[in-house]
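See structure below.
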Amino acid sequence: MQDLIETKRLILRKFNLNDINALFTLLSDEKVNNFLPWFTLKTLDEVKAFYKERIESEYERGGYYFAICLKENNVPIGYINMSNNDAHDVGYAIKKEYWHQGITKEALKAFIDFLKEIGIKFISSQFK
């Protein structure tokens, strides 16, 4: 898997264990997780389990799960992913203080361009 995608403002990269606190901030926010297919996480232990069961296992299956980071500090403020199955379902989340700044749009465009480059012919996503 490609480990890094850069845009004008962003770095999209693989998560690592050093990102657990940033991931906790994201996954413990009820507003951010309102439309996501899991419950808001409450503890660091839950986030560590999420990382192992969802993110690390996605890497092992050849899937794509990128941290969305600002170039200025390379700390995750969100994520974007695509399931490694026939649906090619794309999902994302971003901390609410970064909503309405075009960051998700910038990340999605770069991610979709990357998926096209590696030969993904279609993606799916659910929006509410």
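Starting from 1, each residue takes its place in the sequence as its number. Side-chain atoms are counted along with the backbone in the values below, which use heavy atoms only and exclude waters and symmetry mates.
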- Are Lys14 and Phe66 in a cation-pi contact, defined as NZ or CZ under 6.0 Å from the six-membered ring centre and within 45° of the axis?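 No - Lys14 does not lie over the ring of Phe66 by the 6.0 Å and 45° rule.
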- Task: Start with the C-alpha gap between Ile77 and Ile94, add the side-chain angles, then the distance that decides, and say whether side chain to side chain contact (heavy atoms under 4.5 Å, CB included) holds.
- Result: CA-CA 6 Å; Ile77 60 168; Ile94 193 160; 4.0 Å; yes
Salt-bridge criterion met for [X] and [Y] (N-O under 4.0 Å):
X	Y	answer
Glu106	Lys8	no
Asp29	Lys96	yes
Arg13	Asp19	yes

Contact between [X] and [Y] at the side-chain level, heavy atoms closer than 4.5 Å - yes or no?
X	Y	answer
Asn81	Val90	no
Tyr51	Lys48	no
Cys69	Val75	no

- Please lay out, stage by stage, how Thr25 and Leu23 fare under the test side chain to side chain contact (heavy atoms under 4.5 Å, CB included). CA-CA 5 Å; Thr25 301; Leu23 199 54; over 6 Å; no
- Query: Between Thr40 and Glu30, does any side-chain donor sit less than 3.5 Å from a side-chain acceptor?
  - Reply: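 Short answer, no.
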- Phe15 meets the ring pair (Phe, Tyr, Trp, His ring centres under 6.0 Å) criterion, sequence neighbours left out, with none
- Item | Test ring pair (Phe, Tyr, Trp, His ring centres under 6.0 Å) applied to Phe24 - qualifying residues, sequence neighbours left out | none
- Item | Those residues that, when tested against Glu60, pass salt bridge (Lys or Arg N to Asp or Glu O under 4.0 Å) (two or more places apart) | none
- Please work out which of the three classes, parallel, tilted or perpendicular, describes the rings of Phe114 and Tyr64, given edges at 30° and 60°. perpendicular
- Within a radius of less than 6.0 Å around NZ of Lys71, do more than 12 heavy atoms belonging to other residues, nucleotides or ligands occur?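 Yes, because the 6.0 Å sphere around NZ of Lys71 holds more than 12 heavy atoms from other groups.
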